[in-house]
Amino acid sequence: MSWKNKIGSCFGSADMIYAIHPSDIKSANELVKTAMEEGVGFNEFCTAMEN
């Protein structure tokens, strides 16, 4: 699974706040790990998160 497919699971479903709930934090950690493993640069990561 591409790292970009994991972005949505890092945000709260009701408030859309990034990584506040424990399950969102776990998803965010997995997202960063996968992105790093895929060699994603910082700028590409930030751009995808903003979109």
Requested in this report: Could you walk me through whether Phe11 and Asp24 pass side chain to side chain contact (heavy atoms under 4.5 Å, CB included), step by step?
Outcome: CA-CA 6 Å; Phe11 292 87; Asp24 300 340; over 6 Å; no

Report task. Using the rule that two of Ile, Leu, Val, Met, Phe, Trp, Tyr join whenever any of their side-chain heavy atoms come within less than 4.5 Å, decide whether Met49 and Met16 are in one cluster. Result -> yes

Query raised in the report: Any donor-acceptor pair under 3.5 Å linking the side chain of Thr47 with the backbone of Glu44?
Result: no

Query raised in the report: With the 4.5 Å side-chain cut-off for hydrophobic clustering, are Ile20 and Val32 part of the same group?
Result: no

Requested in this report: Using a cut-off of 6.0 Å, state whether more than 12 heavy atoms not belonging to Met36 lie near its atom CE.
Outcome: no

Query raised in the report: Rounded to the nearest 0.5 Å, how far does SG of Cys10 lie from NZ of Lys26?
Result: 12.0 Å

**Report entry** Residue pair Phe45 / Val40: nearest heavy atoms and the distance that separates them
**Finding:** N-CG1, 3.8 Å

Report task. Specify the closest pair of heavy atoms between Ser2 and Glu38, including all atoms of both residues, with the distance to one decimal. Result -> CA-OE2, 3.9 Å

Query raised in the report: Who are the side-chain contact (heavy atoms from CB on, under 4.5 Å) partners of Ile25, not counting sequence neighbours?
Result: Ala19, Asn29

